[in-house]
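The next block holds one structure in the form of structure tokens; read it before the comments.
Values in this document were obtained by computation on a predicted structure and should not be read as measured data. Every chain is numbered from 1, with letters handed out A, B, ... down the list of sequences.
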Amino acid sequence: MELAQQTEAALGPPDLTAKQSLRSVKSATMTSLMIGSVVAIAAPLVAIVWAVVVRGAAVAFHQFPDFFVKEIPNIARRPGGGMGPAILGTLMVTGAATVIAVPLGVLGAVYLHEYGGKNHFSRLVRFMSTVMSGVPSIVMGLFIYIVWTLHFGYSAFGGALALACLMLPVVIGATEQMLRLVPNHLREASYALGTSKSRTIVTVVLPAALPGIVSGSLLAVARAAGETAPLLFAVGAANAYNPHLFEEANTALSIQIFGNATSSFAAAQDRAWGAALTLVLVTFLATLAARLFTARIARKR
Amino acid sequence: MLTEESEESPARPYRSGIPTVKPAEVSHPVASSKPESPVVFDLENVEVYYGAFRAVSRVNMKIHKNEITAFIGPSGCGKTTVLRSFNRMHDVTPGARVAGGLRYRGAEIYGPNVSATEVRRRIGMVFQKPNPFPKSIYDNVAFGPRMSGSPKSKADLDFIVEKSLRSAALWDEVKDRLKASALGMSGGQQQRLCIARTIAVGPEVVLMDEPCSALDPIATARIEELMRELKSRFTIVIVTHNMQQAARVSDRTAFFTTELDPKSDRRTGTLVEYDRTTKIFSNPGDERTENYITGRFG
């Protein structure tokens, strides 16, 4: 015993310093790989935003706010004009699509998670929703073209229907995911207070899941706002303001980007960059507004 | 200190918590001269199944008004399962089924056309883990009254919230921050908030499923004190793992244990003994009860 103590004293304090080993080499390698991946992910993102802002800002903010309010020139090679009708068109098409898809999607997800569970019907619906999310947007546009546009003609609403079809599976999936995250003890607490299932869902489950539902829906909206293919079929083309949702051909920013960017005139190409920046800004502002809204709700808790 | 108490517990008559029990009654607790308070729950061969599995077999007992009844026993003995059958919480568990007669003041809880929400408004429940809603303190307490449907004015609601928080001994701590989130409170405060939320509905019975198991000894003592205060207005049934707690607060104690079901070869919960707490802890009638309370098993 005494001997052991003596040897311990002779050895001095234990060596706790970091040692070079295979493990530390592995650690350094993995860390640099991860940093590299982050850079690789961020680089295209920054490059895209940079290109759009540099080329678009000169067009879009030249004699502000002309570009955002003026009508699209009928003669493409002439410089000037604006994207006013396309901004309105994008807001109308995505707005109407959101109004259709979000309530449907949220209600559908509530059924699937809170009522259907694992029965055959809800399994089928969940499966179909997954399949639907894989349908290419141009096929969705073709579908709306056949069932709607051929009968009622071009309109912003036709485009909204196509976008709603694209958004629906995203909203259903995101909402169901969020409902799954609501802890069961909150539902039990509500039931134990003599609250019916339906009121529990409205007053406890949905408010708890709201921030997630909003983010999920927003993702769907942002993606839908940039969709071009289905709108080409359903919305048609216009250069003047068309505030009527159900009547006449309309236009949208994505359609204008496509049309102007493929044009051979420099003025049109400039307008395409301006429209691209405008679309980024519109999506960004919508996202920001929704985030502020959810943050306010979250703070109330 | 706790170990000392547990060694003493079985032999010591309880002074605190059971003021109504006189020493004379301890020796003849069943043939008590004191008039029994009315029966609130009458269980007749109650069995609970999860699918084909019988979790609890044949429980027969009567729970009395304005008393605290404690369910004790080892894990998996079915005490929580029985408690949850009192306010039909099993309805939301897929596959769960309650058989036998379970009457609340003479009315069949599992009778035809009985609404689970009606049952739960009369029989509230406090859970093991404090589970306030992610809302303000005020909204948590006002939740039940708002849900009961009857239109209430702001003043009425304020009155109910204050009364409930006072009953739960929480008013003085939170009166200046009723609009603050309930999630910012301590665990003990959250649990008292859950009690306030439960009694705001105006129930006659409060079921408590291990209400102190997530709390420290000081918070536990406050909840126990609260239970003794609430006893005059509510009938309380509490599930607890803590034998000292059962001995301290309850008037009657039911001891559950598990036994092997010869039919299914699986363990099933069963009620061993149900009597006045003083009797259970001083002179239990069943050997298994004695083994459990003296710490020889479980």
To the nearest 0.5 Å, what is the distance between CE on B/Met147 and OG on A/Ser196?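 The CE atom of B/Met147 sits 8.5 Å away from the OG atom of A/Ser196.
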What is the minimum heavy-atom distance between [X] and [Y], and which atoms define it?
| X | Y | value |
| --- | --- | --- |
| B/Asn131 | A/Ala189 | ND2-CB, 3.3 Å |
| B/Met125 | A/Ala192 | CB-CB, 3.9 Å |
| B/Pro132 | A/Leu186 | O-CD2, 3.6 Å |

Less than 4.5 Å apart, any side-chain heavy atom of B/Phe133 and any of A/Pro207?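 When only atoms from C-beta onward are counted, A/Pro207 and B/Phe133 do not touch, as no gap falls below 4.5 Å.
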Side-chain heavy atoms of A/Tyr191 within contact of B/Thr117, under 4.5 Å: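 Heavy-atom side-chain distance check fails, nothing below 4.5 Å.
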Enclosure of [X] [atom1] (heavy-atom neighbours >12, cutoff 6.0 Å):
| X | atom1 | result |
| --- | --- | --- |
| A/Phe143 | CZ | no |
| B/Arg177 | CZ | yes |
| A/Phe293 | CZ | no |
| A/Phe284 | CZ | no |
| B/Arg103 | CZ | yes |
| A/Lys197 | NZ | yes |

List the steps and the verdict of side chain to side chain contact (heavy atoms under 4.5 Å, CB included) for B/Arg197 and A/Leu193. CA-CA 8 Å; B/Arg197 183 176 69 181; A/Leu193 293 169; 3.6 Å; yes
Between B/Ile123 and chain A, with a heavy-atom cut-off of 4.5 Å, which part of the residue counts as in contact: side chain, backbone, both or neither?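 For B/Ile123, the contact with chain A is made by the backbone alone.
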A/Thr200 portion near chain B, given a 4.5 angstrom heavy-atom threshold: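 Neither the backbone nor the side chain of A/Thr200 comes within 4.5 Å of chain B.
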Between B/Arg84 and A/Glu188, is there a side-chain N and carboxylate O pair less than 4.0 Å apart?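 A salt bridge is present here (some side-chain N lies under 4.0 Å from a carboxylate O).
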